[in-house]
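Reading through the structure tokens given below for one structure.
Throughout, protein chains are lettered first and strands after them, A, B, ... in sequence-line order, and every chain is numbered starting at 1. Since the structure is predicted, the reported quantities are computational estimates derived from the model, not experimental observations.
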Amino acid sequence: MNTRDVASIRRRLLAWFRKNARPLPWRATRDPYRIWISEVMLQQTQVAAVIPYFKRFLKHFPTLPKLAQADEQMVLRLWEGLGYYRRARDLCRAARLLRNNKYRTIPDDPEVVRTLPGFGRYTTNAVLSQAYDRRLPIVEANSRRVLCRLFGIERLPRDAELWQLAESLLPQRSVGDFNQAMMELGALVCTATNPHCESCPIAVHCRGRRMGRQDHIPVRAPSAEVCLVDEVAVIVQRDDRLLIVQRPDAGRWARMWEFPHHVRAPGESVLDSVQRLLTSLGLEGTVGDEIATIRHRVTRFQITMVCVQVHHPRGSAQAGTYANLTWVRPQDLHAYPLSTPQRRLARRLHADD
DNA sequence: AAAGCGGGGGG
DNA sequence: CCCCCAGCTTT
């Protein structure tokens with residue numbers, strides 16, 4: 001792309017956006033706080049799903065100070081159904097960090113913003129370009145597709161390459177609109193399947209289109225295979241609930257799954273109950289021998305270790321399998337009522353490695 | 001650099 | 001069923 005092409009792309013895209021932009025709620029403002037909330041909700045989440053959540057969230061927490069003093073449980077409740085709940089926790093953490101450092105809103109400083117939890121390169125640049133017209137590029141699902149087709153990249157693109165291309169297109173002003181225009185084009189015209197090249201404002205500059213390869217760009221990374229993994233699972237019982245602590249990788253406790261709806265039937269053995277649980281989750285696997293059982297008088301927990309061999313879901317192949325489960329990160333275990341025996345057990349098993 | 005996080009929507 | 005979606009964090 002030479003300088004003239006780039007200038008033409010900027011002009012055409014901005015003109016197209018001003019005529020065709022959807023009237024989304026977060027576009028009615030340049031309030032950095034609102035833009036921030038929208039950007040976080042939109043991470044890995046489609047626009048249509050976000051709109052009602054965004055409106056409701058802003059009714060409860062209209063400003064940064066309100067969010068900074070919010071109860072995290074309340075924020076999480078408002079987040080229910082959006083997924084990736086760490087986003088909500090990070091939202092609270094970042095709001096409080098800003099307040100504690102005497103910021104009354106998101107500062108116009110990428111170096112500062114980038115250090116806040118939940119602010120990666122994309123979110124930092126998206127918020128600052130839209131709120132303050134900072135000249136910062138963005139790369140996400142939509143603009144990635146646009147860039148790959150526009151530049152005719154017929155191989156797996158490298159991230160650094162895409163960021164560089166995105167920056168090369170940025171105008172001097174209206175940067176926020178331009179970034180949004182790239183995304184809007186990807187959402188409305190340069191779609192993943194059946195792109196509408198006939199109505200694309202920059203089709204004349206599109207190498208992918210010129211090569212007739214738009215349907216084969218961008219190329220996808222091969223999806224990971226489902227492979228067999230030997231695992232050790234720990235079953236924690238309390239009353240009629242089960243909690244499984246699983247160790248997918250040797251020497252590292254990666255996750256803890258709670259199954260609030262799984263009830264061990266009267267008289268049913270733990271091993272049978274776990275087998276039934278695996279089946280009900282659609283996981284193919286077999287429950288092997290019981291390794292050990294530990295009873296905690298104080299906590300009323302009984303912990304059973306069993307060998308479980310599971311056909312382990314890799315990549316996104318089994319996304320959704322664990323719906324309705326509560327996910328707890330190991331570093332968050334201290335906040336969880338069942339953490340003490342779990343960690344004790346983790347240390348014991350770890351010592352055996 | 002690669003894997004994991006979650007839920008919904010569409011083909 | 002599979003792919004895709006306004007990514008971030010950790011290893």
Side-chain angles (χ1 to χ4, degrees), chain A residues 21-22 24-27 35-54 76 79-91 93-94 113-127 129-130 137-146 156-163 166 176 179-188 190-195 218-227 229 246 248-257 281-282 312-332:
Chain A
R22 292 169 290 179
L24 304 176
W26 47 89
R27 285 186 176 156
I35 292 170
W36 171 37
I37 302 300
S38 76
E39 288 301 341
V40 172
M41 285 187 173
L42 285 161
Q43 289 167 9
Q44 296 293 284
T45 311
Q46 294 182 1
V47 168
V50 164
I51 291 173
Y53 282 91
F54 177 80
L76 283 168
W79 207 266
E80 238 167 34
L82 274 180
Y84 286 110
Y85 296 93
R86 201 175 71 186
R87 293 184 294 177
R89 298 180 200 277
D90 286 348
L91 224 45
R93 288 175 55 205
V113 173
R114 184 68 173 78
T115 66
L116 294 167
F119 279 87
R121 189 171 180 183
Y122 166 80
T123 303
T124 300
N125 292 3
V127 171
S129 66
Q130 288 178 49
I138 54 105
V139 173
E140 44 69 67
N142 288 304
S143 65
R144 174 187 308 273
R145 189 168 53 247
V146 172
L156 222 58
R158 296 193 175 283
D159 273 359
E161 175 183 15
L162 293 174
W163 282 98
N179 283 339
Q180 287 193 79
M182 290 286 283
M183 297 189 275
E184 196 77 343
L185 189 74
L188 300 181
C190 196
T191 47
T193 59
N194 300 322
V219 306
R220 293 196 317 271
S223 60
E225 293 190 14
V226 175
C227 54
V229 182
Q246 191 186 23
D249 305 311
R252 188 166 58 247
W253 290 85
R255 61 178 64 141
M256 186 162 77
W257 300 339
L281 288 171
H312 200 69
R314 293 285 183 181
S316 61
Q318 293 291 327
T321 300
Y322 311 114
N324 304 321
L325 305 186
T326 302
W327 292 78
V328 182
R329 295 188 304 168
Q331 57 265 47
D332 293 333

*P gap between B/dG6 and C/dT11, integer Å*: 15 Å
*Could you point out which residue of A/Ile35, A/Leu82, A/Leu91 forms a side chain to side chain contact (heavy atoms under 4.5 Å, CB included) with A/Val40?*
A/Leu91
*Remember a base hit wins even if backbone is also touched, and classify A/Trp26 as base, sugar-phosphate or nothing at under 4.0 Å, heavy atoms.*
base
*asked:* Tell me the interatomic distance from A/Leu76, atom CG, to B/dG7, atom C1', rounded to whole angstroms.
replied: 16 Å
*For A/Gln44, report the nucleic acid contact type (base, sugar-phosphate, nothing); a contact means any heavy atom under 4.0 Å.*
base
*Gap between atoms CG and P, on A/Asn179 and C/dG7 respectively (whole Å)*: 13 Å
*Would A/Gln130 and A/Arg27 count as a side chain to side chain donor-acceptor pair (under 3.5 Å) if you check the C-alpha gap in whole Å, the side-chain angles of each, and the deciding distance to 0.1 Å?*
CA-CA 9 Å; A/Gln130 288 178 49; A/Arg27 285 186 176 156; over 6 Å; no
_Using a heavy-atom cut-off of 4.0 Å across all strands, would you classify A/Arg158 as base, sugar-phosphate, or nothing?_
nothing
*asked:* Using OP1 and OP2 only, check whether a side-chain N or O of A/Arg220 sits under 4.0 Å from C/dC4.
replied: yes
*Could you state the atom-to-atom distance from CZ of A/Phe119 to C1' of C/dA6 in whole Å?*
14 Å
_Nucleotide of C/dT9, B/dG9, C/dC8 approaching A/Tyr122 most closely (side-chain heavy atoms)_ = C/dC8
*Watson-Crick or G-U wobble partner for C/dC1, using a 3.5 Å limit on both distances?*
B/dG11
*Length of the OH-P vector between A/Tyr53 and B/dG9, whole Å*: 10 Å
*Using the closest heavy atom to pick a nucleotide of DNA chain B for each, name whichever of A/Asp159 or A/Leu82 lands nearer the 5' end.*
A/Asp159
_Say we look at C/dC3 and B/dA3: how far apart would their P atoms be, to the nearest angstrom?_
16 Å
*asked:* Can you measure A/Trp163 atom CH2 to C/dA6 atom C1' for me and round it to whole angstrom units?
replied: 11 Å
*asked:* Rounding to an integer number of Å, can you tell me how far A/Arg89 CZ sits from C/dG7 C1'?
replied: 18 Å
*Write down the distance separating the C1' atoms in C/dA6 and B/dG11, rounded off to the nearest Å.*
22 Å
*Start with the C-alpha distance between A/Trp79 and A/Tyr53, add both sets of side-chain angles, then the distance that settles side chain to side chain contact (heavy atoms under 4.5 Å, CB included), and finish with yes or no.*
CA-CA 7 Å; A/Trp79 207 266; A/Tyr53 282 91; over 6 Å; no
_Quick check against the 3.5 Å criterion: does A/Thr45 have a side-chain atom that pairs as donor or acceptor with the backbone of A/Gln43?_
yes
*Taking atom P of C/dC5 as reference, at what distance in whole Å does atom CG of A/Asn142 sit?*
7 Å
_Contact nearer the 5' end of DNA chain C, comparing A/Arg22 with A/Arg114_ = A/Arg22
*How close do A/Arg145 and A/Gly186 get, heavy atom to heavy atom, and via which atoms?*
NH2-O, 2.8 Å
*Hey, does the side chain of A/Thr123 come within less than 4.0 Å of C/dC8's phosphate (OP1/OP2), counting only N and O?*
yes
*asked:* Classify the ring geometry of A/Trp26 against A/Phe54: parallel below 30°, tilted from 30° to 60°, perpendicular beyond 60°.
replied: perpendicular
*Taking only N and O in the side chain of A/Gln46, is any of them less than 4.0 Å away from OP1 or OP2 of C/dC5?*
no
*Interatomic distance, A/Leu42 CG vs B/dG6 C1' [rounded to whole Å]*: 16 Å
*Contact class for A/Arg87 vs. all strands (heavy atom < 4.0 Å): base, sugar-phosphate, or nothing?*
nothing
*Among C/dC4, C/dT9, C/dG7, find the nucleotide with the atom closest to the side chain of A/Ala141.*
C/dG7
